[in-house]
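Below is a structure I'd like to ask you about.
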Amino acid sequence: MEVIICGVIILGVLLYNNTIDAKKFFTDNEAAFTLLKEDDYDFLVAAKYGDQVNPNELFNQRLKMGFIAIVVFLFIFLGEFNILNIIFAIVIGYFVFKANYTSLKKFYKRHLHDIDVMLPYYLKSLEILVQHYTVPVAISKSIEEAPAIFKPGLRDLIAKIDAGDFSIQPYMDFANEYPVRDSMRMMRLLYRLGLGSQERKQERLLMFSRTVSNLQAKARETKYKERLHYMESQTMTMLVATGVGVMILILFSMIYMFSNI
C-alpha cells in the first residue's frame, strides 16, 4: 500500500511540475488516439452540452483518465508484475476511458423523448423559411434559432449538401441521428420540397405543413398526457401521505388511551 501511495504521489508531482508533459504527449499522438474516438462522440457531446464544450478537449480528458487508471493499477500490481496484471490494468483503463461515452449515450437515449416533442416545433419554424428560400438555404438560416440538440445534425446536413451531395442521403442521415417519431417521413418530405417546379413546391409545401401540424397536435397531446399523469401521481402521493399520517395519529391516540386505562 505504501508503494502505491508513493507511486501515485510521484506521478502527481511529475505531472504538476510538467516533468511529464501529458498535454504534449496526447497532442503529439493525436492522430493515433483519434482511432479510439467513437464516430458519434462529437454529436453526443453537442447533444448534451451544445456549443459550451469542445469535444476534442473532453476526449483528451478521457484519454488522460484512462491512462492514469492504467498507471495506478500497474503500481498496485507492482509486487506481482506479470502479463495478466498488465492486461487487467489496460482493461480497467479502457473501462474508465469508455465511462464518459457510455454516460453521454445514456443521456441521449433518455432525452429522445424531448427531441420527439421539439422536432415538430422546429419544423414549423422551418416551414415559414421554406416559403421564401430554397430548402438548403432555409435550413442554414434556421440553425442559429434551432434547439441546441439539433444544431450538430443540421450543420452536418448542410456541409454534405455544400460538398455536392444533392441526394436524399444527407436528410436520411439527419433522421438516423434523431430516430424519433416520423423523422424519416419528415426528412423525405423536406427533401422533396426542393425538387420540381414552383407549382409542385406549393403543393408539397401544403402537404408538409399539414404533416407538421399533425405532429404538433401529437406533441401537444403528449405534453398534456404527461402533465395529467404528473398531477395524478402527485395527487396519489398526497392522498397516500395523508392516509398514512391519519393512521399514525389514530394509532398514537389508541396507544395513549390504552396507556391511561
request  = Spell out, as yes or no, whether a donor-acceptor pair under 3.5 Å connects the side chain of Ser103 to the backbone of Ala99.
outcome  =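 Not at all, since once roles are kept as given, no pair shorter than 3.5 Å links the two residues.
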key: Ser209 side chain vs Leu205 backbone, donor-acceptor pair below 3.5 Å   =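 Flag not set: sc Ser209 to bb Leu205 has no pair under 3.5 Å.
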Inter-residue atom distance Ile92.CD1 - Ile87.CD1, 0.5 Å rounding =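 Separation between the atoms: 13.0 Å.
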task = Determine whether Leu154 and Tyr122 make a side-chain contact, defined as any pair of heavy atoms from C-beta on separated by less than 4.5 Å.
result =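 Yes, at least one pair of side-chain atoms sits under 4.5 Å.
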query = Can you tell me how far CZ of Arg185 sits from CG of Leu189, rounded to the nearest 0.5 angstrom?
reply =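 Separation between the atoms: 6.0 Å.
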query = Looking only at heavy atoms, what is the nearest atom pair of Tyr178 and Ser183, with distance?
reply =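 Smallest heavy-atom distance, with atoms named: O-OG, 3.1 Å.
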inquiry  = Closer than 4.0 angstrom, basic N to acidic O: yes or no for Glu38 and Lys98?
reply    =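 Between Lys98 and Glu38 there is a salt bridge, with a charged N closer than 4.0 Å to a carboxylate O.
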Min side-chain heavy-atom separation Leu193-Phe208 under 4.5 Å =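 In contact.
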request  = List for me each residue that meets ring pair (Phe, Tyr, Trp, His ring centres under 6.0 Å) alongside Phe107, sequence neighbours excluded, and say none if there are none.
outcome  =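 Phe107 satisfies ring pair (Phe, Tyr, Trp, His ring centres under 6.0 Å) with His111 only.
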task = Measure from the side-chain N and O atoms of Ser142 to the backbone N and O of Ile139, and report whether any donor-acceptor pair falls under 3.5 Å.
result =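 Yes; at least one donor-acceptor contact below 3.5 Å.
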request  = Say whether, by atom type as modelled, one donor and one acceptor occur between the side chain of Asn176 and the main chain of Met172 under 3.5 angstrom.
outcome  =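 Present.
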query = Hey, does Val212 have a side-chain heavy atom less than 4.5 Å from the side chain of Met186?
reply =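 A side-chain contact exists here, since the closest heavy-atom pair is under 4.5 Å.
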task = Drop me the distance from Thr211's OG1 to Leu206's CG, to the nearest 0.5 angstrom.
result =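 Those atoms lie 9.5 Å apart.
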inquiry  = I'd like to know whether CD of Glu145 has more than 12 heavy-atom contacts from other residues, nucleotides or ligands below 6.0 angstrom.
reply    =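 No, the 6.0 Å shell around CD holds no more than 12 heavy atoms from other groups.
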task = Could you list all the salt bridge (charged side-chain N to carboxylate O under 4.0 Å, His left out) pairs where at least one residue sits in residues 129-139, not counting sequence neighbours?
result =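 Every pair satisfying salt bridge (charged side-chain N to carboxylate O under 4.0 Å, His left out) with a residue in residues 129-139: there are none.
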ask   = So, Tyr191 versus Phe166, ring centres under 6.0 angstrom or not?
value =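 No - the distance between ring centres of Tyr191 and Phe166 does not fall below the 6.0 Å cut-off.
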key: Same apolar cluster (I L V M F W Y, side chains within < 4.5 Å links), Leu44/Leu58   =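 Looking at the clustering, Leu58 is in the same group as Leu44.
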ILVMFWY cluster, Met207 and Ile168 together (side-chain gap under 4.5 Å) =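 Shared cluster, yes.
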query = If you count the non-hydrogen atoms of other residues, nucleotides and ligands that lie under 6.0 Å from NZ in Lys124, is the total more than 12?
reply =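 Check passes, neighbour count above 12.
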ask   = How close do Lys151 and Glu144 get, heavy atom to heavy atom, and via which atoms?
value =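 The pair with the smallest heavy-atom distance is NZ-O, 3.4 Å.
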request  = Can you see which heavy atom on Asp42 is nearest to which on Pro55, and at what distance?
outcome  =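 Closest approach of Asp42 to Pro55: OD1-CB, 3.2 Å.
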inquiry  = Could you see if Val53 belongs to whatever hydrophobic cluster contains Phe59? Use Ile, Leu, Val, Met, Phe, Trp, Tyr and a side-chain cutoff under 4.5 Å.
reply    =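 Val53 clusters together with Phe59.
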key: Cluster check Ile143, Val130: I/L/V/M/F/W/Y, side chain < 4.5 angstrom   =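 Yes, Ile143 and Val130 fall within the same hydrophobic cluster.
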ask   = Which atom pair, heavy atoms only, marks the closest approach of Ile70 to Ala89?
value =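 Where Ile70 meets Ala89 most closely, the heavy atoms are CG1-O, 3.4 Å.
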query = In Å and rounded to the nearest 0.5 Å, what is the CG to NZ distance from Asn100 to Lys105?
reply =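 Rounded to the nearest 0.5 Å, the CG-NZ separation comes to 13.0 Å.
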ask   = Do Asp173 and Met187 pass the side chain to side chain contact (heavy atoms under 4.5 Å, CB included) test, and can you show the C-alpha distance, the side-chain angles, and the key distance before you say yes or no?
value = CA-CA 9 Å; Asp173 291 341; Met187 288 301 107; over 6 Å; no
ask   = Any chain of hydrophobic side-chain contacts (each under 4.5 Å) joining Tyr94 to Tyr41?
value =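 Same cluster: Tyr94 reaches Tyr41 through Ile, Leu, Val, Met, Phe, Trp or Tyr contacts under 4.5 Å.
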message = Let me confirm one number: the CD1-CG distance from Ile68 to Leu63, rounded to the nearest 0.5 Å.
response =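 So the CD1 of Ile68 and the CG of Leu63 are separated by 11.0 Å.
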task = Quick one: pull up NZ in Lys141 and CD1 in Ile158 and give me the separation to the nearest 0.5 Å.
result =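 Separation between the atoms: 11.5 Å.
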request  = Answer whether the closest heavy-atom distance between the side chains of Tyr171 and Ile161 falls below 4.5 Å.
outcome  =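 Side chain of Tyr171 against side chain of Ile161, heavy atoms only: contact under 4.5 Å found.
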